[in-house]
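Start at 1 and go down the list; that is how both ligands and their atoms are numbered.
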Amino acid sequence: MEQTLLEEDPNAKVIDRVGWNGTNCTGAWSWSREPIGRTANEAPGLRDLITSVIINTEKKDFWGWKLNNNNGFATGILADNIDNRLLNAGTNVCETIGNNLVPKKVEIFVWRLRKKRLPVLIELDKRGIDLNSVRCSICDGDIEMVDHSLIFCNKSMDVWSKIFDWWGLNGIANASIMDLFGEGFGSNSSGISAKILQAVIWTSGYLI
Ligand SMILES: [Zn+2]
């Protein structure tokens, strides 16, 4: 059965339907039929929403962008908002995540890493993506999971060995993802150097 449009005039403007009487708005609908089902429930809510709207008939309509004070759309501001929502989203795994020495993209990488949301083959496979193999695409020596790709794959291990030498650390062979990217890493060193070390580790992981 063909669904007829509820509004009789598809070209109707908001001002035609809100019944602007000079002081406030009232619904002045022109339905082609009585609203039923969900629409019937939503119509009173819509009417409540617009009763307090003051329409300036002198001005033309325009698109506004509420995230920015001067109404101008800016991709940078949108990106900042998404970053902030992502990084501040309450999670039970990693409540606080932040290191202001690294770019936002690195913080997001670590957040995704901790949430097991990096697109390594085993994770893609778990999500039902059809793959020929879930073995490491670099070395083929093991299943491509985060621990392998980021730490134990030969290429990755070469990088970590150099970084551990540089910082006088040991134990990379037995390190886990949460050893490297969890809160505790670097806590043996103190204050500022722990933060710098964390920045080095996070950035290296991001680049790997
Ligand atoms: Zn590998």
Side-chain angles (χ1 to χ4, degrees), residues 65-68 73-208:
W65 178 250
K66 280 191 158 183
L67 290 179
N68 191 1
F73 173 80
T75 48
I77 290 170
L78 178 60
D80 284 349
N81 269 273
I82 293 173
D83 285 354
N84 289 335
R85 291 284 178 102
L86 266 180
L87 295 174
N88 297 329
T91 64
N92 45 17
V93 181
C94 43
E95 290 299 338
T96 51
I97 167 169
N99 184 320
N100 58 12
L101 298 177
V102 302
K104 280 277 195 295
K105 61 187 178 186
V106 174
E107 288 181 312
I108 290 171
F109 159 78
V110 174
W111 178 81
R112 293 182 70 192
L113 169 66
R114 292 183 188 183
K115 300 281 283 177
K116 298 191 182 344
R117 289 185 186 171
L118 291 180
V120 288
L121 294 182
I122 192 73
E123 296 298 332
L124 298 178
D125 184 64
K126 280 184 200 162
R127 288 161 175 76
I129 294 174
D130 195 19
L131 303 160
N132 286 329
S133 161
V134 291
R135 298 190 73 79
C136 175
S137 16
I138 305 280
C139 72
D140 198 42
D142 204 341
I143 303 295
E144 187 177 296
M145 53 180 75
V146 170
D147 296 73
H148 174 80
S149 289
L150 274 180
I151 303 180
F152 299 112
C153 192
N154 298 339
K155 298 269 191 234
S156 313
M157 197 49 99
D158 286 349
V159 176
W160 290 121
S161 301
K162 288 192 167 67
I163 289 170
F164 269 52
D165 282 350
W166 169 29
W167 280 81
L169 304 167
N170 46 46
I172 184 61
N174 301 313
S176 72
I177 281 291
M178 288 313 281
D179 287 338
L180 286 181
F181 298 95
E183 293 299 332
F185 194 84
S187 53
N188 290 341
S189 18
S190 63
I192 185 71
S193 72
K195 193 172 171 187
I196 294 172
L197 176 56
Q198 185 182 58
V200 169
I201 298 292
W202 284 15
T203 309
S204 306
Y206 174 82
L207 290 172
I208 289 172

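Remark: Ile177 CD1 to Lys116 NZ distance equals 9.0 Å, nearest 0.5 Å.
Remark: Asp130 pairs with no residue by the salt bridge (Lys or Arg N to Asp or Glu O under 4.0 Å) rule, at least two apart or across chains.
Within a 6.0 Å radius of CG in Asp140, more than 12 heavy atoms belonging to other residues, nucleotides or ligands are found.
Shortest non-hydrogen contact noted between Trp111 and Arg117 is CH2-NH1, 3.2 Å.
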Show me the donor-acceptor pairs, under 3.5 Å and distance only, between side chains in residues 143-153 and residues at least two apart or in other chains.
from   : atom 1 : to     : atom 2 : distance (Å)
Glu144 : OE1    : Ser137 : N      : 2.9
Glu144 : OE1    : Ser137 : OG     : 2.5
Glu144 : OE2    : Leu121 : N      : 3.2

Which donor-acceptor pairs under 3.5 Å do side chains of residues 201-208 form with protein atoms, sequence neighbours excluded?
from   : atom 1 : to     : atom 2 : distance (Å)
Thr203 : OG1    : Ala199 : O      : 2.6
Ser204 : OG     : Val200 : O      : 2.6

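Any protein N/O/S atom under 2.8 Å from the Zn ion (ligand 1) was counted, giving 4 altogether.
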